[in-house]
Amino acid sequence: MATFELYRRSTIGMCLTETLDEMVQNGTLSPELAIQVLVQFDKSMTEALETQVKSKVTIKGHLHTYRFCDNVWTFILQDAVFKNEECQENVGQVKIVACDSKLLTQ
């Protein structure tokens with residue numbers, strides 16, 4: 001299964017990357033093993049989002065910027081409102097990156 005490296009830019013992905021870099025610099029972990037951990041992280045995040053997340057969210061906001069490049073959509077919304085069945089959250093600015101899931105099976 002192919003994966004995207006999108007989740008490495010999430011908070012947990014950045015923390016994982018920083019920790020792995022530190023371990024490589026300290027000699028605790030080899031660079032090759034650190035890369036394997038990141039690849040497994042990509043696969044695990046993709047699988048978890050496909051199989052474990054069941055809620056749906058509605059997003060409304062003012063579209064500031066959009067771009068489609070290499071089969072990846074990027075949207076920047078201002079004054080966005082996220083709604084689900086239980087709550088609503090207002091966000092000043094949000095960046096949404098969307099990829100075609102069909103590309104993961106190729």
In a table with atom names and distances, give each donor-acceptor pair under 3.5 Å that connects a side chain of residues 7-21 to protein atoms at least two apart or in another chain.
unit_1, atom_1, unit_2, atom_2, d
Arg8, NE, Asp42, OD1, 3.1
Arg8, NE, Asp42, OD2, 3.0
Arg8, NH2, Asp42, OD2, 2.5
Ser10, OG, Tyr7, O, 2.6
Ser10, OG, Gly13, N, 3.2
Thr17, OG1, Gly13, O, 2.8
Thr19, OG1, Cys15, O, 2.9

Task: Pairs where residues 45-68 contributes a residue and the test ring-ring contact (aromatic ring centres under 6.0 Å, His included) is met, not counting sequence neighbours - done: Phe68-Trp73

Identify each donor-acceptor pair in which a side-chain atom of residues 78-97 lies under 3.5 Å from a protein atom, sequence neighbours left out, and give them as a table.
unit_1, atom_1, unit_2, atom_2, d
Asn84, OD1, Glu86, N, 2.9
Asn84, OD1, Cys87, N, 2.8

TODO: Return yes if a side-chain donor-acceptor contact under 3.5 Å exists between Ser44 and Gln40, otherwise no.
DONE: yes

Open item on the list: Test of understanding: clusters of I, L, V, M, F, W, Y form through side-chain heavy atoms closer than 4.5 Å, transitively. Do Leu63 and Val57 belong to the same one?
Closed with: yes

- [ ] To the nearest 0.5 angstrom, please state how far the CE atom of Met23 sits from the CG atom of Leu29.
- [x] 5.0 Å

